[in-house]
Amino acid sequence: MERRRRSLCLIAAAAFLVVVATAMPYPGEAATPPLRKDYYAKSCSNLEAIVREEVARKINETVVTIPATLRLVFHDCMVGGCDAAVLISSKKNDAEKDAEDNDSLAGDGFDTINRVKTAVERSCPGVVSCADIIQLAARDVVFLSKGPYWSVELGRRDGLVSRASDVKGKLPDPKMHVKELSPLFQRSGFSPDDMVALSGAHTVGFAHCTRFLNRLYNYSSSTPTDPSFNPDYAQQLKQACPPNVGETIAVNMDPVSPITFDNNYYTNLQYGLGLFTSDQVLYTDGATKNIVDRFAGNQKEFFDAFVAAMIKLGRLGVKTGNDGEIRKVCTAFNH
């Protein structure tokens, strides 16, 4: 710790927290028309400029936009494919967004997509899918927070189904270890490098204290605090997150550069500054430790791996033709 002084200033707040290459096709998609980077070149030529403008405007209102929008793409694609099913609002509270594993998705992410869709519809009505807008907005929040830029493959249609019951077991849990994380990612065709790179999205954003309290106070009967925590960091977290902390209190996931998309997430893990068990185990487990070390030592290597993994993520379960639609609004099916 002496060779590198770190600011571990944590801010907890109830209402608001400042936080926040072309790859081979994914197996199983060969039967569907390929996604194309120029899909809307003729039908909505100013699409990317519209998306960028709306995303930038939303970020200027609140930086929570960055992690909230980025998380949407992962939570959408890992459950039934990249079809914007996570955006559907249900009067019965039984859509994907209503699932317990999606409770932590911030409203600013949904608001970002809805704003972009409204702006796109004014210029190109009935042309661009919400599924594609999620992908473009996620790319833009990364780029606008000093992360990498990549050309997004487009041509998805919006799904016709959204069920909360489909979510269980599809998303990582903060308490998971590598032996549990690996098969979850492998099912979707991700390599260990992909898994660790996608986890790097935690370099921006925040987490509610209730998501990691067990590491602070109930790790084991003999050791209340997870020993993989940096002791100073654990002490500061305890001050921000007492045992009886409210459900709305949150802290930055990256205590060093919480609103910049960089490789500090991996350096943090080397110093015991991972917030979730599922973060810190990437360094303490020999199966992934060397990947963390590589990304910590070379930001370009992390950026390249992240882009490759995001492109692969964007190819999961793509809907085309009659398997989907172009929604008029992202929160409701057309019918």
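Between Phe229 and Tyr233, the angle of the ring planes goes over 60°, which puts this pair in the perpendicular group of the 30/60° scheme. Between Phe143 and Tyr149, the ring planes lie perpendicular to each other; the angle is over 60°, past the 30° to 60° tilted range.
A salt bridge links Asp293 with Lys289: the closest approach of a Lys/Arg side-chain nitrogen to an acidic carboxylate oxygen falls below 4.0 angstrom. The pair Glu61-Arg57 fails the salt-bridge criterion, with no side-chain N (NZ, NE, NH1 or NH2) lying under 4.0 Å from an Asp/Glu carboxylate O. Between Arg294 and Asp193, at least one side-chain N (NZ, or NE/NH1/NH2) sits under 4.0 Å from a carboxylate O, which counts as a salt bridge. A salt bridge links Lys58 with Asp108: the closest approach of a Lys/Arg side-chain nitrogen to an acidic carboxylate oxygen falls below 4.0 angstrom. Checked for salt-bridge contact, Lys170 and Asp166 miss the test: no charged N lies under 4.0 Å from a carboxylate O.
In this structure, the side chains of Phe74 and Pro172 come closer than 4.5 Å at one or more pairs of heavy atoms. The shortest distance between side-chain heavy atoms of Arg156 and Leu35 falls below 4.5 Å. Contact check for Arg163 versus Glu96: no side-chain heavy atoms found under the 4.5 Å cut-off. Phe206 places none of its side-chain heavy atoms less than 4.5 Å from the side chain of Val251. In this structure, the side chains of Arg157 and Ile326 come closer than 4.5 Å at one or more pairs of heavy atoms. Taking 4.5 Å as the limit, some side-chain heavy atom of Met310 sits within range of a side-chain heavy atom of Leu70. Between Asn214 and Leu216 the shortest side-chain heavy-atom distance does not fall below 4.5 Å. Put simply, the side chain of Leu154 does not reach to within 4.5 Å of the side chain of Asp38, judged on heavy atoms.
Heavy-atom contacts from other residues, nucleotides or ligands closer than 6.0 Å to CD of Glu247 number 12 or fewer. Residue Asn322 places its CG atom among 12 or fewer non-hydrogen atoms of other residues, nucleotides or ligands, all under 6.0 Å distant.
Scanning both residues, Ser188 and Leu316, for their nearest heavy atoms gives O-CD2, 3.5 Å. Pairing each heavy atom of Glu54 with each of Ala119, the nearest pair is CG-CB, 3.7 Å. For Cys77 against Gly314, the heavy-atom pair with the smallest separation is SG-CA, 4.5 Å. Asp101 and Gly169 get closest at one heavy-atom pair: OD2-N, 4.4 Å. The shortest non-hydrogen separation linking Leu269 to Tyr283 is O-CD2, 3.5 Å. Closest approach of Gly200 and Tyr265 over heavy atoms only: CA-CD2, 3.7 Å.
For the ring-ring contact (aromatic ring centres under 6.0 Å, His included) criterion with Tyr266, the lone passing option out of Phe295, Phe303, Tyr271, Phe306 is Phe295.
The CD atom of Gln280 sits 7.5 Å away from the CG atom of Leu273 when rounded to the nearest 0.5 Å. Atoms CG and CG, from Asp194 and Leu313 in turn, are 9.5 Å apart once rounded to the nearest 0.5 Å. Distance check, rounded to the nearest 0.5 Å: CG of Asn46 to CD1 of Ile50 gives 3.5 Å. Here CG of Leu47 is found 6.5 Å from SG of Cys124. Values are rounded to the nearest 0.5 Å. How far CG of Leu275 is from CG of Leu237: 6.0 Å, rounded to the nearest 0.5 Å. Between Ser257 atom OG and Asn263 atom CG the span is 8.5 Å, to the nearest 0.5 Å.
Under a hydrophobic clustering in which Ile, Leu, Val, Met, Phe, Trp and Tyr are joined whenever their side-chain heavy atoms come within less than 4.5 Å, directly or via other members, Met176 and Val196 fall into the same cluster. Under the 4.5 Å side-chain contact rule for hydrophobic residues, Leu87 and Met78 share a cluster. Transitive grouping of hydrophobic side chains (ILVMFWY, heavy atoms separated by less than 4.5 Å) keeps Val329 and Val161 in distinct clusters. Residue Ile88 is not grouped with residue Val79 when hydrophobic side chains (ILVMFWY) are merged at heavy-atom distances under 4.5 angstrom, including chains of intermediate members. Residues Ile66 and Val51 fall within the same hydrophobic cluster, defined by Ile, Leu, Val, Met, Phe, Trp and Tyr side chains chained together at heavy-atom separations under 4.5 Å.
In this structure, Asp132 contributes its side chain and Gly155 its backbone to a donor-acceptor pair below 3.5 Å. Judged purely by atom type and a 3.5 angstrom limit, Asn252 has no side-chain atom pairing as donor or acceptor with the backbone of Pro258. In terms of modelled atom types and a separation under 3.5 Å, the side chain of Asn268 and the main chain of Val256 share no donor-acceptor contact. Checking side-chain atoms of Glu301 against main-chain N and O of Asn298 turns up no donor-acceptor pair under 3.5 Å. Under the 3.5 Å distance criterion, the side-chain polar atoms of Asp76 are matched with a main-chain donor or acceptor of Asp83. Within the 3.5 Å criterion, the main-chain N or O of Val142 finds a donor-acceptor partner in the side chain of Ser145. Between the Thr277 side chain and the Lys175 main chain, no donor and acceptor come within less than 3.5 Å of each other. Side-chain N or O atoms of Lys146 include none that pairs as donor or acceptor with a backbone N or O of Leu144 at under 3.5 Å. Between the side chain of Thr288 and the main chain of Ile291, no donor-acceptor pair closer than 3.5 Å is present. Here the side chain of Thr260 pairs no donor or acceptor atom with the backbone of Asp262 at under 3.5 angstrom.
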Arg139 vs Ser151, side chain to side chain donor-acceptor pair (under 3.5 Å): CA-CA, chis, key distance, verdict: CA-CA 9 Å; Arg139 187 274 311 277; Ser151 296; 5.7 Å; no
Steps toward side-chain contact (heavy atoms from CB on, under 4.5 Å) verdict (Asp279, His202): CA-CA 8 Å; Asp279 293 316; His202 285 176; 2.8 Å; yes
side-chain contact (heavy atoms from CB on, under 4.5 Å) between Val141 and Thr112, worked out: CA-CA 10 Å; Val141 296; Thr112 300; 5.6 Å; no
side-chain contact (heavy atoms from CB on, under 4.5 Å) between Asp285 and His177, intermediate numbers included: CA-CA 8 Å; Asp285 193 305; His177 290 254; 5.9 Å; no
Worked check of side-chain contact (heavy atoms from CB on, under 4.5 Å) between Thr331 and Phe110: CA-CA 9 Å; Thr331 56; Phe110 295 102; over 6 Å; no
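In this structure, Lys312 forms no cation-pi arrangement with Phe190, as its terminal cationic atom is not both closer than 6.0 Å to the ring centre and no more than 45° off the ring axis.
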